[in-house]
Amino acid sequence: MHITVVGSGYVGLVTAACFAELGHDVISVDVDHAKIEALKNGHVPIYEEFLPELLERHRGRRLTFTTSLQEAVKACPVIFIAVGTPASESGDADLSYVEAVALDIARFATDYKVIVEKSTVPVYTCSWIRKAISQVGMLADFDVVSNPEFLREGTAVVDFLCPDRIVVGADSERAANVLTTLYEPLTSGEYYRRPEAIARKSTGAQLILTRAKSAELIKHASNAFLAMKISFINAVATVCENVGADVQEVCTGMGTDSRIGPRFLNPGVGYGGSCFPKDLKAFRSIASDFGYDFRLLDEVMNINEDQCRRFIKKIKSVLWNLKGKRIAVLGLAFKGGTDDVRESPAIAVITELLKERCTVVAYDPAATERAKEVLPNGAIQYANDPYAAAKNADTLLILTDWEEFRGLDLKRLRAQLRHPVVIDGRNLFEPGRMAELSFEYHSIGRPTLQAITPRMANVSASAEELSFKETSGNRLSLQRQTASTDHRRIQ
Ligand code: UDX
Ligand code: UDX
């Protein structure tokens with residue numbers, strides 16, 4: 001089938017490349033001339049696993065790039081809209097780009113079109129698109145369908161090719177049949193039997209046919225629920241810190257309940273990215289437009305914003321004054337596996353540290369250039385590797401869950417640091433192991449285990465005399481133990 005995908009961003013480009021992989025002839029359109037030229041010349045503008053391979057396979061054959069929407073509309077009966085739907089001041093989704101594309105389609109189309117919403121849009125957007133097109137008049141017949149994406153950055157290609165479900169919201173059987181045919185290689189399982197398949201499933205993908213409004217809501221509700229699950233476990237982590245329990249043990253106990261499930265139960269410095277923060281605001285806003293005060297979503301957002309504040313407080317409880325301190329940071333991206341720093345908790349923490357006039361030296365496997373675009377010029381130093389970042393630092397923060405960080409040579413890292421103090425905002429390491437390696441290791445929702453270190457030996461002398469007021473107001477009590485091998489549990 002001939003299809004067009006308008007918008008070659010994270011979602012649009014992955015969608016276009018994957019449809020070409022399924023065997024369709026795809027035209028990827030974007031207003032950004034530089035992006036289209038780069039794509040035509042073999043450049044891949046975003047960091048996404050398997051995307052370079054797919055573009056290499058299909059570029060210039062089943063996948064072409066253009067800035068001409070007119071050309072693409074004329075050539076294709078199916079047009080996916082994957083342009084940005086950023087949050088406006090009020091939190092509403094800004095749908096002006098979606099409307100602009102819809103009206104252009106109405107202007108250029110001369111035969112039947114299926115117009116598909118791929119961008120995350122609030123409920124009723126399908127109706128608005130229909131109305132907008134009818135008002136300007138379109139020579140040909142058309143249908144508007146909602147086909148939300150559930151791609152996660154970093155695993156977007158596999159998420160597209162091996163989806164938990166494909167949701168198609170169509171109010172006409174004709175349009176539903178077109179989308180059903182489009183996804184047939186996945187729903188029949190035929191794609192997974194191809195020798196060159198990038199990813200495989202043991203059974204065909206599930207296609208869920210709904211009315212358009214339900215499909216639009218499925219997307220917002222799914223993202224809101226996932227964000228709520230993260231905020232819930234972050235709130236539980238705070239309770240764990242206050243009572244001296246271990247949130248990872250709690251996660252295991254909760255996650256083994258098949259009604260809860262272990263996924264998206266990773267506590268940390270909060271969720272970020274181009275979707276959760278914006279989609280929660282948009283869902284909250286559209287719900288109140290339609291008379292429901294969805295207050296629960298406010299608390300999900302409040303808990304998330306509070307995670308950054310709590311993390312800064314944790315750093316202060318460890319380092320006391322931050323002014324003039326040298327802080328190493330591992331991770332700039334909003335999560336591991338992507339170069340995307342949009343709404344990144346790491347950037348939020350760094351911004352707060354800069355207000356405290358710390359020196360920040362950061363390392364990220366992929367997001368450094370994107371971070372330079374959002375952080376003030378020269379505000380922080382960028383290191384080429386984690387060990388260089390750690391050099392002479394008073395403490396090391398882990399802010400993004402890159403796999404690479406789990407494999408660090410911890411002894412080498414410890415030798416770089418001025419003080420062997422690690423504050424882990426993603427619970428990447430095991431506290432006992434860190435204590436064995438004589439780190440002072442603080443993490444989220446877990447007791448701090450700490451080996452006797454020269455720094456601590458000096459402190460402990462005074463600690464007996466002084467009682468420290470630690471983060472979250474808990475008193476710091478020390479049990480004196482023999483110096484050599486003891487782990488000191490700070491309650
Ligand atoms: C976008 C939406 O923001 C998100 O809500 C939705 O879930 C998926 O699509 P993303 O792909 O990450 O997310 O956006 P972005 O990376 O900003 O890409 C949007 C692309 O659309 C950009 O390349 C932009 O140049 C292009 N665009 C925008 C057009 O081609 N035409 C327009 O009128 C507006
Ligand atoms: C999300 C949705 O997962 C995806 O279905 C939708 O299409 C787009 O939005 P994405 O934003 O790429 O995808 O990332 P995701 O993996 O969901 O992580 C979002 C944020 O939550 C990241 O900052 C991540 O670090 C954080 N997170 C995720 C947690 O803090 N804990 C978890 O257990 C999971």
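Numbers here are sequence positions counted from 1. Counting convention: from 1, in listed order, for ligands and their atoms alike.
When each of Leu226, Val167, Thr120, Asp164 is checked for a side chain to side chain contact (heavy atoms under 4.5 Å, CB included) with Phe150, only Val167 meets the rule.
Scanning the protein for heavy atoms near atom 7 (O) of ligand 1, the closest one is Thr120 OG1, 2.6 Å. Nearest protein heavy-atom neighbour of atom 32 (C) of ligand 1: Val83 CG1, 3.7 Å. Closest protein heavy atom to atom 5 (O) of ligand 2: Phe150 O, 3.0 Å. With hydrogens left out, the protein atom closest to atom 18 (O) of ligand 1 is Gly9 CA, 3.2 Å, a heavy atom. The closest protein non-hydrogen atom to atom 3 (O) of ligand 2 is Arg152 CG, 3.1 Å. Of the protein's heavy atoms, Val31 N, 3.1 Å lies nearest to atom 30 (O) of ligand 1. Of all protein heavy atoms, the one lying nearest to atom 33 (O) of ligand 2 is Asn266 N, 2.9 Å. In terms of protein heavy-atom proximity, atom 27 (N) of ligand 2 is closest to Ile230 CD1, 3.5 Å. When hydrogens are left out, the protein atom nearest atom 10 (P) of ligand 1 is Tyr10 N, 4.0 Å; that is the closest non-hydrogen contact. Nearest protein neighbour of atom 14 (O) of ligand 2, counting heavy atoms only, is Lys335 NZ, 3.0 Å.
Using a 4.0 Å cut-off between charged side-chain N and carboxylate O, Asp339 and Arg370 make a salt bridge. Ion pair Lys213/Glu216 not flagged as a salt bridge, since none of the NZ, NE, NH1 or NH2 atoms sits closer than 4.0 Å to an Asp/Glu carboxylate oxygen. A salt bridge does not link Lys313 with Glu352: none of the charged nitrogens is closer than 4.0 Å to a carboxylate oxygen. Ion pairing between a basic and an acidic side chain is recognised when a charged N comes within 4.0 Å of a carboxylate O; Glu21 and Arg57 show such pairing. A salt bridge links Lys219 with Glu149; the closest basic N to acidic carboxylate O contact falls under 4.0 Å. Electrostatic pairing of Asp298 and Arg295 does not count as a salt bridge here, judged by no charged N lying under 4.0 Å from a carboxylate O. A salt bridge links Asp111 with Lys113: at least one charged nitrogen is closer than 4.0 Å to a carboxylate oxygen. Taking 4.0 Å as the cut-off between side-chain N and carboxylate O, Glu241 and Lys314 count as a salt-bridged pair.
For the pair Gly272 and ligand 2, a heavy-atom separation below 4.0 Å is found. Residue contacts with ligand 1 include Ser119, since one or more of its heavy atoms lies under 4.0 Å from the ligand. Assignment of Glu343 to the shell around ligand 2 is not supported, since no heavy atom sits closer than 4.0 Å.
A perpendicular orientation is assigned to the rings of Phe19 and His24, their planes being inclined by more than 60° (bins at 30° and 60°). Ring orientation note: the planes of Tyr441 and Phe429 are nearly perpendicular, at an angle over 60° on the 30°/60° scale.
Each of the following atoms of ligand 1 lies closer than 4.0 Å to a heavy atom of Lys35: 22 (C), 23 (O). The contact set between ligand 2 and Cys275, taken as ligand atoms under 4.0 Å from a residue heavy atom, comprises 8 (C), 9 (O). Atoms of ligand 1 found under 4.0 Å from any heavy atom of Glu149, numbered from 1 in the order shown, are 7 (O). Those atoms of ligand 1 that come under 4.0 Å of a heavy atom in Tyr97, given as number and element, are 33 (O), 34 (C). The ligand atoms of ligand 1 that sit less than 4.0 angstrom from a heavy atom of Gly84 are 2 (C), 3 (O), 19 (C), 21 (O).
For the residue pair Gln307 and Asn304, no side-chain donor N or O sits within less than 3.5 Å of a side-chain acceptor on the partner.
Taking the ring centre of Tyr382 as origin, the terminal cationic atom of Lys372 falls inside the region bounded by 6.0 Å and 45° from the ring axis.
In this structure Arg130 satisfies the side-chain hydrogen bond (donor to acceptor under 3.5 Å, both in side chains) test together with Asp171, sequence neighbours excluded. Scanning for ring-ring contact (aromatic ring centres under 6.0 Å, His included) contacts around Tyr124 gives Phe290, with sequence neighbours left out.
Here's the thing with Asp30: one of its N/O atoms is less than 3.5 angstrom from an N/O atom of ligand 1. By the 3.5 Å distance cut-off applied to N or O atoms, Leu151 is counted among the residues near ligand 2. On a distance-only criterion, Arg426 and ligand 2 share at least one N/O pair closer than 3.5 Å. Polar contact check, Lys118 against ligand 1: no nitrogen or oxygen pair lies under 3.5 Å apart. Between Val11 and ligand 1, a contact under 3.5 Å exists for at least one N or O pair. No N or O atom of Ser274 sits closer than 3.5 Å to an N or O atom of ligand 2. Of the N or O atoms in Pro345, none lie within a sub-3.5 Å distance of an N or O in ligand 2. Note: an N/O pair closer than 3.5 Å links Glu153 and ligand 2 by distance alone. Ligand 2 has no N or O atom lying under 3.5 Å from any N or O atom of Tyr271, backbone or side chain. Inclusion of Val6 in the set of residues having an N or O under 3.5 Å from an N or O of ligand 1 is not warranted.
Contacts of Arg342 with ligand 1, taken as heavy-atom pairs under 4.0 Å, involve the side chain alone. Only the side chain of Asn223 comes within 4.0 Å of ligand 2, counting heavy atoms alone; its backbone N, CA, C and O stay farther away. By the criterion of a heavy-atom distance under 4.0 Å, neither the backbone nor the side chain of Gln307 is placed next to ligand 2. Within the 4.0 Å heavy-atom criterion, neither part of Lys278 lies near ligand 2.
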Chi angles and distances behind the side chain to side chain contact (heavy atoms under 4.5 Å, CB included) call for Leu51, Leu13: CA-CA 9 Å; Leu51 191 56; Leu13 188 55; 3.8 Å; yes
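Between atom NE2 of residue His442 and atom CZ of residue Phe311 there is a gap of 10.5 Å, rounded to the nearest 0.5 Å.
Aromatic ring centres of Phe283 and Phe294: separated by under 6.0 Å.
The heavy atom nearest to atom 2 (C) of ligand 2, considering only Phe276, Phe334, Phe264, is found in Phe276.
Using a 4.5 Å cut-off on side-chain heavy atoms (C-beta onward), Pro77 and Val114 make no contact.
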